[in-house]
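Structure first, then comments.
These numbers come from the heavy atoms of this one structure, side chains and all, not from hydrogens, waters or symmetry mates. Residue numbers start from 1 in every chain, and the chains themselves are labelled A, B, ... in the order their sequence lines are given, proteins ahead of strands.
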Amino acid sequence: MAKVLTPRSESYAQWYNDLVIKAGLAENSAVRGCMVIKPYGYAIWEKMQRVLDDKFKETGHQNAYFPLFIPKSFFSKEADHVEGFAKECAVVTHYRLKNNPDGPGVVVDPEAKLEEEYIVRPTSETIIWNTYKDWIQSYRDLPIKINQWANVVRWEMRTRLFLRTAEFLWQEGHTAHATKEEAIEESETMLKVYADFAESYMAMPVLQGYKTASERFAGAVETLTIEALMQDGKALQSGTSHFLGQNFAKVFDVKYQSKEGKEEYVWATSWGVSTRLMGALIMAHSDDNGLVLPPKLAPIQVVIVPIYRKDEELKQVVEKADEIAAELKKLGISVKVDDDDNHKPGWKFAQYELQGVPLRIAIGPRDIQNGTVELARRDTLTKEVIPVDGIGAHITELMDEIQNSIYQRAINFRKENTRTVDTYDEFKKVLDDKGGFIMAHWDGTEETEEKIKQETKATIRCLPLNGPKEPGKCMVTGKPSERMVVFARAY
RNA sequence: CGGGGUAUAGCACAGUCCGGUUAGUGUACCUGCUUUGGGAGCAGGGGGUCGCAGGUUCGAAUCCUGCUACCCCGACCA
């Protein structure tokens, strides 16, 4: 079989790129750093969105929408926030074009310069907190729990499809609370929502934990993260939830009057996941034949490929295929019958493997006679011949099994690639030879963290919520360490 | 932003060094026939401002100058 993807062993990065393009997920656009998300890729994103959106609503959030543009002055209020985002902002300076007086085309009309520039949002804390100021007077107005589905722009130097693009799609939750405790609880709740989504739907195990000060979101008091391990041993930050303290309330002057009549600043959180999750999904499960999708997020869960020689056979086979499809659809399974005559079965088999369809049914004249179908699993690439009778129950069960099986595989991979080290030499050796998550003691200082980053390119991914808490000695300085933290090279 | 590279059909490339028929190959596309249980075969066909702008020349994809875009490696980042 002709391989259309660069094998992972040859170049993981090239494999990733090939896969995204060949599976029809996305492609580079005419705009630098911005991708076109193609229908199949967008269908997967839509499935993610639906599940997440339901979870947000179950946890008491509502959707709303705020402007794409943020006045420059809003942006400059929170010092850390400016520091974090200033270097990657797209800025709108004019509002009109005119015909080029010196030749063809159009030019920016210099007379249409804006009094105050607009920033294209890299994140929406500032415009939202400026709005919340008008919405909040009393403790009765709290909490406010809003989510927004939007696009944001961060002018990145180097981009990669889904993993880092100049424009990306995401959701950002922004909540306002009367108490610190309530805000912290909110940020923890939403991290759990993300972790549960990653594990139960994406079949991707994640570490939950706190970011160190240097890795924290610009303007946050505390950043919680979910960190996933990719097949090449690099970590991918897959979602973050921030406790923002009163930082934004103070700079936007958002106060409420408490039951006791006292004026207090409001406490804040924000949290988000982006189309980067698509990259995570791809790198968590896929192989050299293409995408491997968990059934719960697959736009097509079962594809039926008819096999035939003559027109009469085609008619018979498609009739049976439609029958099976109808039965499966009744069970809530998304099915595609591919009766396209332009491609031979072999081509279709390869194509659906490339696109990660979890189950494939082939049905031909032989099956019609025997009352059977051939059923192929994408995750294991195994095939079995099963009776048509009871196929609905069989497939329902099998989809659960696939969902579990790829999750287990990912858990095992992470287990095998999570190592504990005591010395810096050992640390460097493991990092270069194996990669993966490395648990090690760290003295808690930014200097040591920075030194390790400079020397090894590894960063502290998180201080895990569920990790061991025994004290020890820092692997670099030998100074006392409260606990081990998780290091990795990351995307 | 620094270092390196590339730009020729939808896509992947050859041709450029050493200027010279109608710019070629694979794939994809269209038509027809034969095929269809792991990426089919044959025949015919359509598709090109050779990145852009100048220059040299009888003649430029090819030589010269300038520009632009993209890719890779670094620094920056979800």
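- Residue contacts shown for A:Gln237 are limited to sugar-phosphate atoms, with no base heavy atom under 4.0 Å away.
- Going from atom CG of A:Asn17 over to atom C1' of B:A12 covers 15 Å, rounded to whole Å.
- Rounded to whole Å, the separation between the P atoms of B:G51 and B:G15 comes to 15 Å.
- In this structure B:G32 sits in a base pair with B:C42, meeting the Watson-Crick or G-U test at under 3.5 Å.
- Along RNA chain B, the nucleotide nearest to A:Arg461 and the one nearest to A:Asp341 differ in position, and the one closer to the 5' end is contacted by A:Asp341.
- Residue A:Met157 has its side chain nearest to B:A75 when only B:G39, B:A75, B:G37 are considered.
- To the nearest angstrom, C1' of B:G37 lies 18 Å from NE2 of A:His343.
- Nucleotides B:C17 and B:C63 place their C1' atoms 11 Å apart, quoted to the nearest Å.
- Under 4.0 angstrom from either OP1 or OP2 of B:G37 there lies no side-chain N or O belonging to A:Arg366.
- Across every strand in view, B:A12 sits in a pair with B:U25 that passes the Watson-Crick or G-U test at under 3.5 angstrom.
- Under the Watson-Crick and G-U wobble criteria, each requiring two contacts below 3.5 Å, nucleotide B:A7 is paired to B:U68.
- Comparing B:G19 with B:A28, their C1' atoms sit 33 Å apart, to the nearest whole Å.
- Ring-centre distance between A:His81 and A:Phe248: below the 6.0 Å cut-off.
- When the C1' atom is used for both B:C42 and B:G38, the distance is 22 Å, rounded to whole Å.
- Across B:A53 and B:U34, the matching P atoms stand 50 Å from one another, rounded to whole Å.
- A straight line from CZ of A:Arg309 to P of B:U36 spans 5 Å, rounded to a whole angstrom.
- Remark: B:U49 base-pairs with no nucleotide; criterion is Watson-Crick or G-U wobble with both hydrogen-bond distances under 3.5 Å.
- Using a 4.0 Å heavy-atom distance criterion, A:Thr223 is classed as making no nucleic acid contact.
- Straight-line distance between the C1' atoms of B:G47 and B:A9: roughly 6 Å, to the nearest whole Å.
- For A:Ser286 (side chain) and A:Met283 (main-chain N/O), no donor-acceptor pair under 3.5 Å exists by modelled atom type.
- Here B:G10 presents its P atom at 14 Å from CD of A:Glu27, a figure rounded to the nearest Å.
- When the nucleotides B:G37, B:C76, B:C71 are ranked by their closest atom to the side chain of A:Glu156, B:C76 comes out on top.
- Panel note: side chain A:Gln301, backbone A:Pro295; a donor-acceptor pair is recorded below 3.5 Å.
- Note on ring orientation: taking the six-membered ring where Trp is involved, the planes of A:Tyr201 and A:Phe197 are parallel (angle under 30°, cut-offs 30° and 60°).
- One donor-acceptor pair, N or O on each side, does fall under 3.5 Å between the base of B:G38 and the side chain of A:Lys383.
- With rounding to the nearest 0.5 angstrom, the CG atom of A:Asp389 is 11.0 Å from the OG1 atom of A:Thr372.
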| Please walk me through it: do A:Phe74 and A:Phe69 pass ring-ring contact (aromatic ring centres under 6.0 Å, His included)? | CA-CA 11 Å; A:Phe74 285 20; A:Phe69 304 115; over 10 Å; no
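- With hydrogens and angles ignored, a donor-acceptor pair under 3.5 angstrom links the side chain of A:Arg360 to the base of B:G38.
- Remark: B:A61 base-pairs with no nucleotide in the shown strands. Criterion, Watson-Crick or G-U wobble with two distances under 3.5 Å.
- B:U36 sits 31 Å from B:G46 when the P atoms are compared, rounded to a whole Å.
- Looking at heavy-atom distances under 4.0 Å, A:Glu313 makes no contact with the nucleic acid at all.
- Spacing of C1' atoms, B:A14 relative to B:G74, comes out at 32 Å, to the nearest Å.
- If you measure from atom CD1 of A:Ile363 to atom C1' of B:G37, you get 12 Å, rounded to the nearest angstrom.
- Look at B:G19: it lacks any Watson-Crick or wobble partner with both distances under 3.5 angstrom.
- Between the side chain of A:Trp15 and the backbone N or O of A:Asp18, no donor-acceptor pair lies under 3.5 Å.
- Across all strands, A:Lys87 comes closer than 4.0 Å to no nucleic acid atom at all (heavy-atom distances).
- What separates CG of A:Leu5 from P of B:C11 is a distance of 19 Å, to the nearest Å.
- Using a 4.0 Å heavy-atom cutoff across all strands shown, A:Leu314 reaches no nucleic acid atom at all.
- In this structure a side-chain-to-backbone donor-acceptor pair under 3.5 Å is present from A:Asn247 to A:Gly219.
- Straight-line distance from the CG atom of A:Asn342 to the P atom of B:A40: 12 Å, rounded to whole Å.
- Across all strands shown, A:Phe168 has heavy atoms under 4.0 Å from base atoms, whether or not it also approaches the sugar-phosphate.
- In this structure, A:Glu455 atom CD and B:A75 atom P are separated by 14 Å, rounded to whole Å.
- Residue whose closest nucleotide on RNA chain B sits further toward the 5' end, between A:Ser274 and A:Phe349: A:Phe349.
- Pairing of B:G2, defined by two Watson-Crick or G-U wobble distances under 3.5 Å, is identified with B:C73.
- Within the nucleic acid shown, A:Pro306 has no heavy atom closer than 4.0 Å to any nucleic acid atom.
- Distances shorter than 4.0 Å separate none of the side-chain N or O atoms of A:Lys22 from OP1 or OP2 on B:C11.
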